[in-house]
Amino acid sequence: MAARARRNAGADAPVGVDGVVEQAVATVDYEAAMARLQEVVAALEAGDLPLERSVALYKEGLGLSRACRDRLRTARNEIRLFTEGGLKDFEGVRDDADAE
């Protein structure tokens with residue numbers, strides 16, 4: 001019920017990292033998601049928010065960060081696909097960027 005209330009509350013009510021943020025970010029381009037992430041970080045660094053709002057923004061930031069990282073990983077894999085000239089399975093491929 002609380003999740004439904006958050007979803008109905010509008011854009012001012014960040015949602016948890018239970019997939020809702022990721023789904024919302026999936027409809028926004030990478031640059032917009034990154035810009036929002038920078039806003040979230042700036043608001044958290046200012047330190048003048050109530051605890052509940054800080055926690056909500058932190059959760060939103062986690063979702064944005066994950067979504068951006070996934071988009072970068074997908075772009076990197078697409079570039080590899082084109083530069084290596086063939087279809088390859090990218091599952092299980094890990095490098096320094098994936099180690100986070």
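All values reported here derive from a predicted model rather than from experimental measurement.
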Student: Walk me through it: do Arg69 and Leu72 pass the test side-chain contact (heavy atoms from CB on, under 4.5 Å)?
Tutor: CA-CA 5 Å; Arg69 186 177 51 239; Leu72 287 173; 5.7 Å; no

Student: How long is the gap from CG on Leu44 to CD on Glu60, to the nearest 0.5 Å?
Tutor: 9.5 Å

Student: Could you give the distance from CD (Glu45) to CD (Gln38), rounded to the nearest 0.5 Å?
Tutor: 10.5 Å

Student: Report the distance from atom CG of Leu81 to atom OG1 of Thr74, rounding to the nearest 0.5 Å.
Tutor: 12.0 Å

Student: Using modelled atom types only, decide if a donor and an acceptor are shared between the side chain of Ser65 and the backbone of Gly61 within a distance under 3.5 Å.
Tutor: no

Student: At what distance, to the nearest 0.5 angstrom, does CZ of Arg71 lie from CD of Glu31?
Tutor: 9.0 Å

Student: Applying a strict under-4.5 Å side-chain criterion to I, L, V, M, F, W and Y, I'd like to know whether Leu49 and Leu64 cluster together.
Tutor: yes

Student: What closest approach, in Å, do Asp70 and Arg73 show between heavy atoms, and which atom pair accounts for it?
Tutor: OD1-NH1, 3.1 Å

Student: Minimum heavy-atom separation for Asp48 and Ala43, please, with both atom names.
Tutor: OD1-O, 4.5 Å

